Amino acid sequence: MLIPPGGGPTRHRIRHSLRFRAAGGASLSRTNVAAPTNARIFTLSAWIKRGTLATGAFQTIFGGSSSAAQQDTLGFGAGTNGAGDQLLVRDSGTGAYNLLTNALFRDGSAHGHLLVAVDTTQATAANRVRLYWNGVEIASFASASYPAANYAFDWNAASRNWCIGQRFVGAGSMYLDGYLSEIVMVDGQQLAPAAFGRVDVATNAWIPLRYAGVHGANGFHLPFDDAASTATIARDRSGNGNHWTASGIGVAAGLAFDQMLDSPTNNFAVLSGVDNAGANTPSNANLRMTLAAGAAINSATIPVASGKWYWEVHPETIASNAMLVGVANAAVAAAQRGGNTANGFFYVSDGTKYANNASAAYGAPYTAANVIGVALDMDARTVTCYRDNVSQGVMFSALPDVVVPTFGNGTGAGGQVFGVNFGQRAFVHTPPAGFVALNAANLPAPTVRRGDDAFHAALRAGTGVAASVASLRFQPDLLWLKSRSNATNHNLFDAVRGAQNGLISNGAAAEYADANALGALNANGYSLGADTGARGVNLGANAYVDWAFRRGAAYGFDIATDGGTSANKDIAHALNATPHFMLRKCRNVARSWRVYHRNANANPATGSLILDGVAAFAADATDWNNTLPGPATFRVGVGYNVTGETYVTYLWTSVPGFSLFGGYVGNGSADGPFVWCGFRPRWLMVKGATIATDWYVVDAARAPFNAAASSLYPSRANAEETNAGRGFDLLAGGFKLRQEAGYGANNAGETYVFAAFAETPFKSANAR
């Protein structure tokens, strides 16, 4: 039985993490001396930020063994300790248990909380080992065999060897690359996530709590708070004296110092494992990079739009005198961020500066003996570089709206190697006055702190009788309902046209009125009718997903209605900002939807996409009268503005930290482009602009763990389709395409548009 901790938890600030460098053989070890409180019942809790992903070998988080043949292992891998990014817990000796998640853990931009709760005295096998990520239980497994009743784990047995970051003592392999913080072991209790964390009311993110209960005989608490020596870095603070021995852990100042300020309560930038161009090789928990040959580019995990920021670069190997250090436009894909484009701005190791395929004199050359400081002033839109604390002057001004620290090759030669420090350890030089480390705590507070204040995505079971949903934090102004399990229409209702008036996205049909579909939009939800089957919004034995949107300038959403005039006209809206995305539909005549998206074309007001179809962007001057929308009005032309017809238009503009309407270019690979959103997406809709594709919608309600591969199609009535080849990773700061060519959302060279809404702003987001 899962039980709460004794004494009750309190909110907890975690000050440090310990970096585990796989390349350096980093690990901790100890041997249990005491007999366990209970070898059959225990709980392990740890916060994890991944570094290099498990593309080459299994990565161990915890390991316990009595011999090389009898090992209990927890880590990232696949199959029988194979390479991969699934979470695996198993006994490699007796084969008494083996749990391999379907969930993939590939987000190295933030910290996540892992809980393993064990009680083999449980009668139900699935309750004997329970896994949680950020407080949510993992219930979907690629393979699952559970321990036999009353099985005694080696992890907690007397005289057993423990390892953290390595499979077992003397293994010499399967090292973890990443960060661990606040590791707590409780011997003798199977605890629930509430013992170690809770959902923050202000942000809706999972946050740490200080464990307040007893630890049991072999329990321990590792906060990694004392870096005086390798003997103190892994001291047990539980009071049990169950200290650990560190190996391959650095406590001397410099690049090898492994006690980090990067923690679940202050997340720092690192080099991205997913936002790059070229076969680059990260190491040292994504604070070191070896760039591949060719147009290799790598960026950091935190782009910025305002503020003053400082970081340091430590060159190690400079090939062909052509290392690039600087910033790039975060709104374009990594492949478009080189100095040969108008999106990259770099200090080159030969002393020049380079952007837009033009080189100019700048400062002194630098080598592996130098430390390069970068001072980015996004308030003034300038970037200045320092060589050994000597300013080389303003390098570039008039930077793009959002930039990201970026690094690359200048001549295409491979072998550029460098380390970085964004402030997670002490800087070599004092930053210029007013410039700060690049971490989440220093980011500005978003205007919408939790996504569910204005967007809702949740699952529902159809009843076939009148029912209500009362779990929203707002009254929905637009409600979109779809059966996941059956082929039914996508039904849209809004507060302006009236709750009982529906439209369908997957067809051209005119508006319908039906009190048996939606009854009312309420202050905290909505009332559903006794669906007769004609609409498909509340059918018995159907599984549904509901998407709700809140209207208001603060949330970047408005609804406008108008009557046709057969003349070009301007229609007022209340966004107080330029619309980025508009859905327009004729209400009283069957006509296809018109879609405006700012990234659909170089001149997006010259035509439209179609919501109820698959066509690429098509030119039509009569849709928007070739006129871009403005902060107070949008224009419609004579083609979709006919006398005698009535219309509704849904309009959105991007709100930093909450919503984004943008575009990307596909690359045809399962290692697809990463798109920075500034938040962890709750909902994502994608459509090809230069290629005919369906509209794809994935959301974190249906896919709480990566990859999100269960698609619904606003252009089709189909039931939900799940296909791993159509996946997206929804990450702490955006999304990553995991689709190969042929699946519609990532064909090489094609332009796609998207609409995304937040679960949590990046400032407070956990890794998924």
Side-chain angles (χ1 to χ4, degrees), residues 17 19 49-51 106-112 178-179 203 205 260-276 282 285-289 297-313 325-334 337 343-345 373-379 381 383 399-407 419-425 427 431 435-446 656-658 660 662 674-681 729-736 758 760-768:
S17 63
R19 179 174 61 159
K49 181 176 179 178
R50 297 209 63 190
R106 298 186 287 207
D107 190 351
S109 63
H111 299 257
Y179 306 83
T203 65
M260 297 290 165
L261 297 174
D262 193 345
S263 80
T265 52
N266 191 10
N267 182 38
F268 278 74
V270 294
L271 296 168
S272 176
V274 297
D275 190 12
N276 55 65
N286 288 353
L287 290 180
R288 184 175 185 266
M289 185 66 67
I297 294 290
N298 185 267
S299 295
T301 54
I302 304 183
V304 289
S306 63
K308 297 180 179 181
W309 310 93
Y310 178 81
W311 61 92
E312 291 179 342
V313 184
V325 172
V327 298
N329 185 353
V332 301
R337 294 178 186 160
N343 296 303
F345 309 87
V374 182
L376 172 64
D377 185 345
M378 284 303 289
D379 298 329
R381 298 291 178 86
V383 60
L399 295 174
D401 291 346
V402 183
V403 302
V404 60
T406 300
F407 314 86
V420 293
N421 179 15
F422 294 102
Q424 47 266 91
R425 57 177 177 259
F427 287 122
F435 286 76
V436 297
L438 189 52
N439 59 45
N442 288 330
L443 294 174
F658 171 66
L660 183 66
F674 168 78
V675 180
W676 169 258
C677 294
F679 52 81
R680 187 171 83 178
D729 280 351
L730 305 179
L731 307 174
F735 62 93
K736 169 83 170 178
T760 310
F762 179 79
K763 183 177 176 71
S764 52
N766 305 121
R768 290 187 80 244

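Since we're looking at a predicted model, the values are computed, not measured.
Side-chain atoms of Arg337 come within 3.5 Å of backbone atoms of Asn329 as a donor-acceptor pair (strictly under, hydrogens ignored). Judged by distance alone, with hydrogens and angles left aside, the side-chain atoms of Arg288 form no donor-acceptor pair with the main-chain N or O of Gly419 at under 3.5 Å. When atom types are taken as modelled, the side chain of Arg680 and the backbone of Asn766 share a donor-acceptor pair closer than 3.5 angstrom. Checked by atom type and distance alone, the side chain of Lys763 pairs as donor or acceptor with a backbone atom of Leu443 at under 3.5 Å. Between the side chain of Asp379 and the main chain of Gly307, a donor-acceptor pair closer than 3.5 Å is present.
With rounding to the nearest 0.5 angstrom, the CG atom of Asn439 is 13.0 Å from the CH2 atom of Trp311. Here the CE atom belonging to Met260 is positioned 6.0 Å from the CD atom belonging to Gln424, to the nearest 0.5 angstrom. In this structure, CG in Asn266 is found 7.5 Å from CG in Leu261, a value given to the nearest 0.5 Å. Separating the CG atom in Leu376 from the CH2 atom in Trp309 is a distance of 9.0 Å, to the nearest 0.5 Å.
Considering only heavy atoms from C-beta on, Val304 comes within 4.5 Å of Leu438 through its side chain. Leu287 has its side chain within reach of Arg19: a pair of non-hydrogen atoms, C-beta onward, lies under 4.5 Å apart. No side-chain heavy atom of Pro400 sits less than 4.5 Å from a side-chain heavy atom of Asn343.
Residues Ala269 and Phe422 share a closest heavy-atom pair of O-CD1, 3.2 Å. Heavy-atom minimum distance, Ala110 versus Ala765: CB-O, 3.6 Å. In plain terms, the two heavy atoms of Val403 and Met378 that are nearest each other are CG2-SD, 3.5 Å. Residues Ala437 and Gly423 come closest through the heavy atom pair CB-CA, 3.9 Å. Taking both residues in full, the closest heavy atoms of Ser764 and Ala205 are given as O-CB, 3.1 Å, listed atom of the first, atom of the second, then distance.
When Val270, Ile302, Asn286, Thr301 are each tested for a side-chain contact (heavy atoms from CB on, under 4.5 Å) with Ser109, only one passes: Thr301.
For Trp676, the ring pair (Phe, Tyr, Trp, His ring centres under 6.0 Å) partners are Phe762, not counting sequence neighbours. Annotation: side-chain contact (heavy atoms from CB on, under 4.5 Å) contacts of Lys736 (sequence neighbours excluded): Val274, Asp671, Phe674, Asp729, Leu731, Arg738. Partners of Lys49 according to the side chain to side chain donor-acceptor pair (under 3.5 Å) rule, which considers only residues two or more places apart in sequence or in another chain, are Asp262, Asn267. Applying the salt bridge (charged side-chain N to carboxylate O under 4.0 Å, His left out) test to Arg425 and every residue at least two apart in sequence or in another chain returns nothing. For Phe407, the ring pair (Phe, Tyr, Trp, His ring centres under 6.0 Å) partners are Phe418, not counting sequence neighbours. For Tyr179, there are no ring pair (Phe, Tyr, Trp, His ring centres under 6.0 Å) partners, not counting sequence neighbours.
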Next item on the list: Begin from the C-alpha positions of Val420 and Leu271 and carry the test side chain to side chain contact (heavy atoms under 4.5 Å, CB included) through to its verdict.
Entry: CA-CA 8 Å; Val420 293; Leu271 296 168; 3.7 Å; yes
### Query
Do Val383 and Leu399 pass the side chain to side chain contact (heavy atoms under 4.5 Å, CB included) test, and can you show the C-alpha distance, the side-chain angles, and the key distance before you say yes or no?
CA-CA 8 Å; Val383 60; Leu399 295 174; 4.2 Å; yes
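For an aromatic pair to be called close, the ring centres must be under 6.0 Å apart, and Phe658 with Phe679 fails this.
When only modelled atom types and interatomic distance are considered, Ser299 and Thr406 share a side-chain donor-acceptor pair under 3.5 Å.
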